[in-house]
Amino acid sequence: MNVPNTNNDAEIRTTDQLKTTISEVVHTQKITDIHTHLFSPPFNELLLWGIDELLTYHYLIAEVFRKSDVSYQQFWSMTKAQQAELIWQTLFIENSPISEACRGVVTTLNELGLDVGSRNLQDYRDYFADTTVEDFIDTVFESANVSKVVMTNDPFDPAESPVWESGDTGDTRFEAALRMDVLINSYEDTAYEHLRGLGYEVDPILSSEKSYKEVRRFLETWIQRMDPKYMAVSLPPDFQYPDDGVLGRLFDNCILPISREFNVPFALMIGVKRAVNPQLKMAGDGTGKADLSSLEALLRENPDNKFLVTLLSRENQHELCVIGRKFKNLMIFGCWWFMNNPSVIEEITRERIELLGLSVIPQHSDARILDQLIYKWKHSRQIIADVLVEKYQSILDVGWTLTHSEIERDVNNLFGGNFERFLNGN
Ligand code: HDL
Ligand code: ZN
């Protein structure tokens, strides 16, 4: 994490000085990317990188069906290379790549120094074939100016658990998050059997003190194994709390006590409707507006717990900011998934600063493919910088004075300091 340079105390007076300072500070500030789906090399095939992965990102899969007459069955029977070629031809050659997901591929290739004017997919494939994943990780972290990424780690995933059990997860720039979607959203049909198979004496509907104790033991085991920055879950728009079912019993008797005991915040990602169109597979999820009175109750009833929250519906964003004003144990983060588009990032960032000042984590990348760190952060840095210029200008206009080091301090907090302090504060 950059330490602000206290020698930069020259006063900023003009709009040009302000724009130059903010551009330089925002683009040179190293970032802690608090939510990604990236993996360090020991996770092998879970670490996705290269042009064919970029082109078959599920965002682009959703988009190609809108322009191509390929059927779901035809597409899913193709190899990844064939899928990538179809997406390249359809969305980049037969149509201009101006959607955010398409534009991101072009930005990434350009930032890697490749000739996007050639539109030669084989040339891009040759570039990736000529590099190692370890070298490419260095290239991407340097180009994106990212210091650390937080992974999404699923203790129920058989592809992940052996790596954790080996004790070697490799590159320390990749930190862990303990994802609990299976435990919380699929306890009765999946997690119960899995836990029993591991020797945890839990009951089918999680209704006994013994079961609560055993789930806490499971969480403790994985916290000690992963050293996660936070525990996380994605939840549907109709998430309810308090809840007298399995979710409520998991929250109140297992997750929230453990979160306090180990000082590991709980991240709630609310508003996802899974498999709205199952034929799109991972690309088939949708969004819905949530009733945030449940979030208010969770924050109010658990003042000693720390919650990170991001919401998937644009219609929930303003009320989330208001809730943020009411609860200091809430840290709002990111422009998640369908929010991660310039028009919405700008709107959300502006209303967050207006209502919450500098007490938020404005963005995460949600990158699934390593290369995406480059475009997701290049695009977001520019938008955040533009909003900051507007907000700092508004106080310069009324006589406030500003220095370079004060802006460095503020941006350092937005891009990592707020996260570190939220994690480490008790
Ligand atoms: O649940 C999540 O963490 C989401 O981010 C999903 O993984 C989603 O598929 C995604 O990649 N969004 O960007
Ligand atoms: Zn995600």
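Every number for a ligand or one of its atoms is a count from 1 in the order of the listing. Model, not experiment: these values are computed from the prediction.
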(request) Decide if atom CG of D244 counts as having more than 12 heavy atoms of other residues, nucleotides or ligands within a radius under 6.0 Å. (result) no
(message) Would S234 count as a polar contact of ligand 1, with the cut-off being nitrogen or oxygen pairs under 3.5 Å?
(response) no
(request) May I ask you to list the atoms of ligand 1 that are less than 4.0 angstrom from any heavy atom of D366? (result) 5 (O), 12 (N), 13 (O)
(request) Could you tell me whether the side chain of T287 and the main chain of V272 form a donor-acceptor pair under 3.5 Å? (result) no
(message) Heavy atom to atom 13 (O) of ligand 1, shortest distance: which of W336, F338, Y59 holds it?
(response) Y59
(message) Under 4.0 Å from a heavy atom of M269: which atoms of ligand 1 are those, numbered in the order shown and with their elements?
(response) 3 (O)
(message) Is it the case that atom NZ in K378 sees more than 12 heavy atoms from other parts of the structure closer than 6.0 Å?
(response) no
(message) Residue-level breakdown please: for R274 versus ligand 1, do any non-hydrogen atoms fall below 4.0 Å on the side chain, on the backbone, on both, or on neither?
(response) side chain
(request) Kindly report the OD1-the Zn ion (ligand 2)-NE2 angle for D366 and H35 respectively, rounded to 10°. (result) 90°
(message) One thing to verify: whether E214 and R217 come together as a salt bridge, which I'm taking to mean a side-chain N less than 4.0 angstrom from a carboxylate O.
(response) yes
(message) So does H27 get a backbone contact from the side chain of N145, meaning a donor-acceptor N/O pair under 3.5 Å?
(response) yes
(message) Quick check on H364 - does any of its heavy atoms sit under 4.0 Å from an atom of ligand 1?
(response) no
(request) Of all N, O or S atoms in H37, identify the one at the shortest distance from the Zn ion (ligand 2). (result) NE2
(request) Would you check if the side chain of R352 reaches a backbone N or O of Q317 as a donor-acceptor pair within less than 3.5 Å? (result) no
(request) Within a distance under 4.0 Å of any heavy atom of H35, pick out the atoms of ligand 1 and give their elements. (result) 3 (O), 5 (O)
(message) Parallel, tilted or perpendicular: which one describes the rings of H364 and H35, with boundaries at 30° and 60°?
(response) perpendicular
(request) Specify the protein heavy atom at minimum distance from atom 10 (C) of ligand 1: its residue, its atom name, and the distance to 0.1 Å. (result) H58 NE2, 3.6 Å
(request) Could you pull out, from H37, M282, R179, the option with a heavy atom nearest to atom 1 (O) of ligand 1? (result) R179
(message) Tell me which one of L292, V233, I270 satisfies side-chain contact (heavy atoms from CB on, under 4.5 Å) with F239.
(response) I270
(message) Quick test of your reading of the structure: of M339, K376, R368, whose heavy atom lies closest to atom 11 (O) of ligand 1?
(response) R368
